[in-house]
Amino acid sequence: MDATTGTGPLHGVDDIDWAALAPEDGADIPGLLRGIAGDASAPRGLDDSVSALFDLIRFPAPAYAAAPRVAEYLLRIACHPDTPADWRARPLSLLLELLVPTAAATLPARTDIALWRDEVAWAAATDAEKVRDQYRAWLEEAPDEQQYRRMLSRLDTASRENGAALLQAELDVYDTVRDHAGDLAGLLDGRENRRGIDPPAEWASYLLAFVPDTAETALPPLKASLAEAAPALPGQAPPPLGTPQHDVLSAELFAIGMLAAPDDAGATVALAHEMASGHLYNGFAAAMALTVIHGEKTPEECLVRLRAAGRTSVGYPALFDDSWPHCGENTPATLGFLALGRAGERARPLRLAMLPKVLASAEGTARAAVAATALESVLGPRSAAEAPDPEADFDDDTLKVFWAIAELPADGWDDGLPDALAAWGLPTGRADFRAFAGVEDDAGDEPPADGAPAQAPAGAAQQRPQGGLFSRLFGPGS
């Protein structure tokens with residue numbers, strides 16, 4: 001591939017003052033991009049180049065200021081017609097990490113892009129200390145956990161030496177991906193982009209999903225993909241024998257859920273059809289997409305199917321792994337759990353049912369985000385929290401949250417979890433919290449398959465609804 005001359009994807013890469021954007025090791029960026037593009041002159045191979053470039057410019061490192069220019073070249077590489085299809089996933093996966101470095105802050109509510117632009121412009125035009133003071137105030141006053149996560153990230157970024165530039169760079173990466181929405185949508189087409197373990201169409205779907213401004217461009221081909229895979233209608237002739245079959249990618253279902261509006265009848269009908277297809281993974285992904293689209297007005301059938309899928313031997317983490325992306329420390333199940341907040345109280349039984357396994361599979365700071373979101377659902381927002389009375393008779397939902405947290409292993413008791421517990425006045429040490437929740441230490445016990453704690457607090461039986469395991473977890477009559 002002619003990577004750096006003529007019409008190659010890296011044309012002009014050496015004309016950029018990378019050292020000015022990334023003073024430490026910025027001069028290495030052209031060589032790493034050559035490795036990602038498969039240039040024979042590259043000092044490293046594809047995987048080493050992707051890893052090294054991510055380590056160099058990962059958010060919020062100072063070198064992230066170079067991320068918008070890097071994003072432009074990653075898009076050129078992935079979308080260039082001479083790039084082999086099986087090569088495209090790696091630049092796209094790196095681009096996703098640059099696009100959504102704080103993915104947990106993007107869910108459950110959609111990002112208000114106009115407000116984001118105003119905020120970045122304000123930060124750039126305001127004294128740095130005043131910006132930090134304002135973010136501290138917004139953090140303390142955050143009305144919900146998503147806003148808390150967003151303000152925590154903004155404060156951390158603004159506290160860096162080049163904080164305003166990093167805030168601007170994050171928005172610029174978003175705009176770069178938005179400007180290439182048509183190129184990314186083109187990767188949804190063609191068998192070569194849809195086959196294999198890591199198909200480019202999957203990564204293109206993930207990227208488009210996190211850029212709401214791309215909906216007008218992305219939704220038509222995404223919905224067309226579902227229509228192309230649909231079976232023949234009654235009275236309609238089936239396709240000729242030997243016609244290549246088109247499989248729906250579960251990532252496309254995720255993207256439709258993130259982008260479509262509630263009044264988009266075409267998206268709702270297509271997803272409802274896929275939900276009833278009998279395909280476990282795609283049916284789950286379609287039910288999740290409909291729930292994300294319709295929020296508190298989600299059809300009950302969606303929630304029923306999500307609960308039923310979670311009771312299979314596959315389990316929620318694996319179901320989410322098939323359709324939702326893994327962004328930084330945020331596992332697919334973590335993002336899915338947060339996204340269900342769009343459905344409000346209607347999704348509470350579902351979230352409580354999936355909480356133990358999602359929490360156990362969460363990574364790093366994402367574990368604290370899941371735990372804090374669960375605590376918020378039963379104790380209210382942290383900004384108005386009061387320390388609970390240890391002698392209080394907690395309701396069943398609150399106990400489920402306490403027990404799920406208490407069952408975390410000792411090596412999972414870090415990365416912000418104690419801070420989250422302290423926000424609601426709860427014990428922050430694992431042993432103290434387990435004693436508070438009434439969970440007995442017994443190394444011989446394993447949690448039941450449904451994820452409920454092995455030992456319930458003494459005297460808690462009278463607080464549980466009667467009717468067996470499913471009734472206790474999913475409500476009377478289930």
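Given the structure is predicted, the values throughout are model-derived calculations rather than measurements.
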Should we count CD of E216 as having more than 12 external heavy atoms under 6.0 Å?
->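 No, the 6.0 Å shell around CD holds no more than 12 heavy atoms from other groups.
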
Can we say [X] and [Y] salt-bridge, meaning some charged N sits less than 4.0 Å from an Asp/Glu carboxylate O?
{"X": "R88", "Y": "D198", "answer": "no"}
{"X": "E145", "Y": "R150", "answer": "no"}
{"X": "R154", "Y": "E119", "answer": "yes"}
{"X": "E252", "Y": "K223", "answer": "no"}
{"X": "D247", "Y": "R194", "answer": "no"}
{"X": "R195", "Y": "E202", "answer": "no"}
{"X": "E363", "Y": "R367", "answer": "no"}
{"X": "E72", "Y": "R69", "answer": "no"}

Consider only side-chain N and O atoms of [X] and [Y], and report whether a donor and an acceptor are under 3.5 Å apart.
{"X": "T331", "Y": "T334", "answer": "yes"}
{"X": "H279", "Y": "S250", "answer": "no"}
{"X": "Y64", "Y": "R58", "answer": "no"}
{"X": "T365", "Y": "E329", "answer": "yes"}

Parallel, tilted or perpendicular: which describes the rings of Y316 and F284, with under 30° parallel and over 60° perpendicular?
->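 Ring orientation of Y316 relative to F284: tilted.
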
Would you please classify the geometry between the Y206 ring and the F254 ring as parallel, tilted or perpendicular, with 30° and 60° separating the classes?
->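 Rings of F254 and Y206: perpendicular, over 60°.
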
Can you check whether L107's main-chain N or O pairs, donor with acceptor, with R149's side chain at less than 3.5 Å?
->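 Checking the backbone N and O of L107 against the side chain of R149, a donor-acceptor pair under 3.5 Å is found.
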
Take L188 and S225 through the test side chain to side chain contact (heavy atoms under 4.5 Å, CB included) and record every step on the way to the result.
-> CA-CA 8 Å; L188 301 176; S225 176; over 6 Å; no

